[in-house]
Amino acid sequence: MRTFLIAGNWKMHQNVAETKAYFNEFTKLVSKAPEGVSILLCPVYTSLHAAADAASSVDGLHIGAQNLHFEDKGAFTGEITAAMIKETGADHVIIGHSERRQYYNETDETVNKKTKKAIEAGLTPVVCVGELLEERKEDRHFDVVRSQVVKGLEGISKNDALKTVIAYEPVWAIGTGETASPEQAQEIHAFIRKELAGLYDEATAAEIRILYGGSMNAKNADELLSQEDVDGGLIGGASLKPDSFSEIVHFAGKIYSS
Ligand code: PGA
């Protein structure tokens with residue numbers, strides 16, 4: 001039985017003081033993760049330590065980074081390793097977010113290397129896939145997403161795939177206020193699960209969590225999370241406010257126990 005993962009991607013927001021204030025507020029609203037729900041917040045690198053300290057008092061609340069480098073050390077100015085992330089107390093990492101693919105030339109190949117490195121270091125990778133607006137308009141979204149999933153997971157064993165989370169984030173829905181309809185989300189999540197079954201087997205595919213991301217908020221989360229193959233959310237804007245993010249967490253708890 002899959003459980004929910006409700007994840008917040010803070011992007012380049014919230015310094016250390018703001019992070020501390022956020023957790024102060026959030027932990028009043030969510031003193032522990034509801035049954036069947038894990039919570040993840042992904043702040044900027046410099047706030048990871050403070051976030052991990054604050055999160056340690058809440059059962060089921062995890063901290064993740066937004067990126068990593070796939071090498072263990074070296075002359076890579078401005079980069080950070082998986083082990084360094086782990087050292088902060090974080091246990092997850094977002095990989096291949098569409099903004100990284102768009103602005104920092106990340107490819108399916110680097111996504112694959114980073115995913116392997118995260119697993120090796122004991123971090124749970126949240127691997128992002130999703131099509132551009134024109135790809136959906138041209139009806140190529142299934143092909144694009146299939147290719148991202150297959151290449152992203154290339155050479156990753158069944159055991160390691162089980163440690164991976166997939167996030168489907170249609171690029172046209174990120175930060176735009178436009179959301180995939182619950183039916184659109186379900187359709188492509190079921191498609192991703194079918195691809196995972198092809199790569200591994202049905203039982204493995206049934207266990208891997210597939211999150212939806214793209215303008216998810218306290219108004220639309222209930223319907224999206226109620227879809228059979230939607231196992232959580234990767235939430236940007238609405239995760240920056242403790243009240244809206246905690247509302248989504250509680251929705252997931254209600255859906256799980258209903
Ligand atoms: P959004 O961002 O919720 O602000 O659309 C989601 C994401 O980019 O992960």
Side-chain angles (χ1 to χ4, degrees), residues 5 7-12 40 42 44-45 64-72 74 76 78-86 90-133 135-136 140-175 188-189 191-200 204-205 208-214 231-236:
L5 176 63
N9 172 13
W10 285 359
K11 309 191 179 184
M12 202 169 70
L40 169 64
C42 300
V44 298
Y45 290 135
Q66 300 171 16
N67 179 35
L68 52 67
H69 197 283
F70 50 79
E71 295 291 351
D72 289 326
F76 301 105
E79 292 293 326
I80 182 168
T81 70
M84 289 165 186
I85 290 168
K86 194 92 203 293
D91 54 11
H92 285 62
V93 59
I94 298 171
I95 293 177
H97 189 278
S98 64
E99 286 150 19
R100 303 277 332 158
R101 293 178 190 256
Q102 186 180 351
Y103 304 129
Y104 304 98
N105 302 319
E106 292 214 9
T107 61
D108 292 329
E109 196 191 351
T110 58
V111 168
N112 180 248
K113 287 185 180 170
K114 290 179 179 199
T115 303
K116 287 175 174 160
K117 184 52 70 176
I119 295 167
E120 186 189 310
L123 295 169
T124 300
V126 180
V127 180
C128 301
V129 299
E131 80 284 358
L132 304 170
L133 181 58
E135 292 165 339
R136 180 161 281 261
R140 293 196 288 124
H141 46 295
F142 291 112
D143 287 343
V144 169
V145 169
R146 175 196 291 119
S147 162
Q148 290 172 334
V149 169
V150 170
K151 290 180 182 160
L153 295 178
E154 198 176 306
I156 291 177
S157 70
K158 182 164 91 175
N159 243 357
D160 284 347
L162 286 167
K163 298 174 190 153
T164 303
V165 176
I166 307 284
Y168 168 66
E169 300 205 297
V171 180
W172 47 271
I174 295 179
I188 201 133
H189 280 229
F191 172 78
I192 293 170
R193 203 173 304 285
K194 190 168 72 60
E195 289 302 314
L196 293 171
L199 286 176
Y200 301 102
T204 305
I208 297 176
R209 289 192 281 198
I210 306 173
L211 315 184
Y212 169 80
D231 309 314
L234 182 53
I235 301 148

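Any value given below was found using the heavy atoms of this structure, including those in side chains, with hydrogens, waters and symmetry copies removed.
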Side chains of Ile166 and Leu211, heavy atoms from C-beta outward: is any pair under 4.5 Å?
no

In a check of side-chain contact (heavy atoms from CB on, under 4.5 Å) between Leu196 and each of Thr204, Thr164, Leu153, Val150, which one passes?
Leu153

I need the minimum non-hydrogen distance between His92 and Ile85, along with the two atoms involved.
O-CG2, 4.4 Å

Around atom CD of Glu79, are there more than 12 heavy atoms of other residues, nucleotides or ligands at under 6.0 Å?
yes

Counting distance only, does the side-chain N/O of Tyr45 pair as donor-acceptor with the main-chain N or O of Gln66 below 3.5 Å?
no

I'd like to know whether Val111 forms a side chain to side chain contact (heavy atoms under 4.5 Å, CB included) with Lys151, so could you lay out the CA-CA distance, the side-chain angles of the two residues, the decisive distance to 0.1 Å, and finally the verdict.
CA-CA 8 Å; Val111 168; Lys151 290 180 182 160; over 6 Å; no

Return the minimal non-hydrogen interatomic distance between Asp72 and Lys117, and the atom names on each side.
OD1-NZ, 2.9 Å

Sub-4.5 Å side-chain heavy-atom contact between Pro125 and Val165:
no

Where Phe142 and Phe191 come nearest, the two heavy atoms and their spacing
O-CE2, 3.3 Å

Side-chain donor-acceptor pair present, Glu131, Trp172, cut-off under 3.5 Å:
yes

Determine whether a donor-acceptor pair (N or O, by modelled atom type, separation under 3.5 Å) exists between the side chain of Lys114 and the backbone of Leu68.
yes

Taking the side chain from Glu169 and the backbone from Gly130, do they hold a donor-acceptor pair closer than 3.5 Å?
no

Do His69 and Ile80 come close enough that some side-chain heavy atom pair is under 4.5 Å?
no

How long is the gap from CD1 on Ile94 to OG1 on Thr124, to the nearest 0.5 Å?
12.5 Å

Step-by-step side chain to side chain contact (heavy atoms under 4.5 Å, CB included) determination, Ile156 to Ile119
CA-CA 9 Å; Ile156 291 177; Ile119 295 167; 4.3 Å; yes

Between Tyr200 and Glu195, is any side-chain donor less than 3.5 angstrom from a side-chain acceptor?
no

Distance from Ile235 atom CD1 to Leu40 atom CG, nearest 0.5 Å?
10.0 Å

I'd like to know if Lys116 pairs up with Asp160 as an ion pair, taking the criterion as any Lys NZ or Arg NE/NH1/NH2 lying under 4.0 Å from an Asp or Glu carboxylate oxygen.
no

Begin from the C-alpha positions of Leu132 and Val171 and carry the test side chain to side chain contact (heavy atoms under 4.5 Å, CB included) through to its verdict.
CA-CA 5 Å; Leu132 304 170; Val171 180; 3.9 Å; yes

Go through the steps to decide whether Arg146 and Ile192 satisfy the test side chain to side chain contact (heavy atoms under 4.5 Å, CB included), and finish with yes or no.
CA-CA 7 Å; Arg146 175 196 291 119; Ile192 293 170; over 6 Å; no

Taken to the nearest 0.5 Å, the spacing of Phe70 CZ from Thr110 OG1 works out to 7.0 Å

Could you grab the distance from atom CG of Leu234 to atom SG of Cys128, nearest 0.5 Å is fine?
5.5 Å

Using atom types as modelled and distance alone, determine if a side-chain donor or acceptor of Ser147 lies under 3.5 Å from a backbone N or O of Asp143.
no

Exercise: do Lys163 and Asn159 side chains pair donor with acceptor under 3.5 Å:
no

For Ser98 and Ile174, which heavy atoms make the closest approach, and how far apart are they?
OG-CD1, 3.3 Å

Glu154 backbone acceptor or donor facing Asn112 side chain under 3.5 Å
yes

If you define the side chain from C-beta out and look only at heavy atoms, does anything of Trp10 sit under 4.5 Å from Val44?
no

Flag the pair Asp108 / Arg101 as yes when at least one side-chain heavy-atom distance between them is below 4.5 Å, and no otherwise.
yes

When rounded to the nearest 0.5 Å, the distance separating CD of Glu71 from NZ of Lys113 is 7.0 Å

Side-chain donor or acceptor of Tyr212 paired with backbone N/O of Gly214 under 3.5 Å
yes

How about Val126 and Ile95: do any of their side-chain heavy atoms sit closer than 4.5 Å?
no

Residues Ala197 and Ala205: closest non-hydrogen pair is N-CB, 3.4 Å

Min side-chain heavy-atom separation Asp231-Arg193 under 4.5 Å
yes

Are Leu199 and Val149 close enough that some pair of their side-chain heavy atoms sits under 4.5 Å apart?
yes

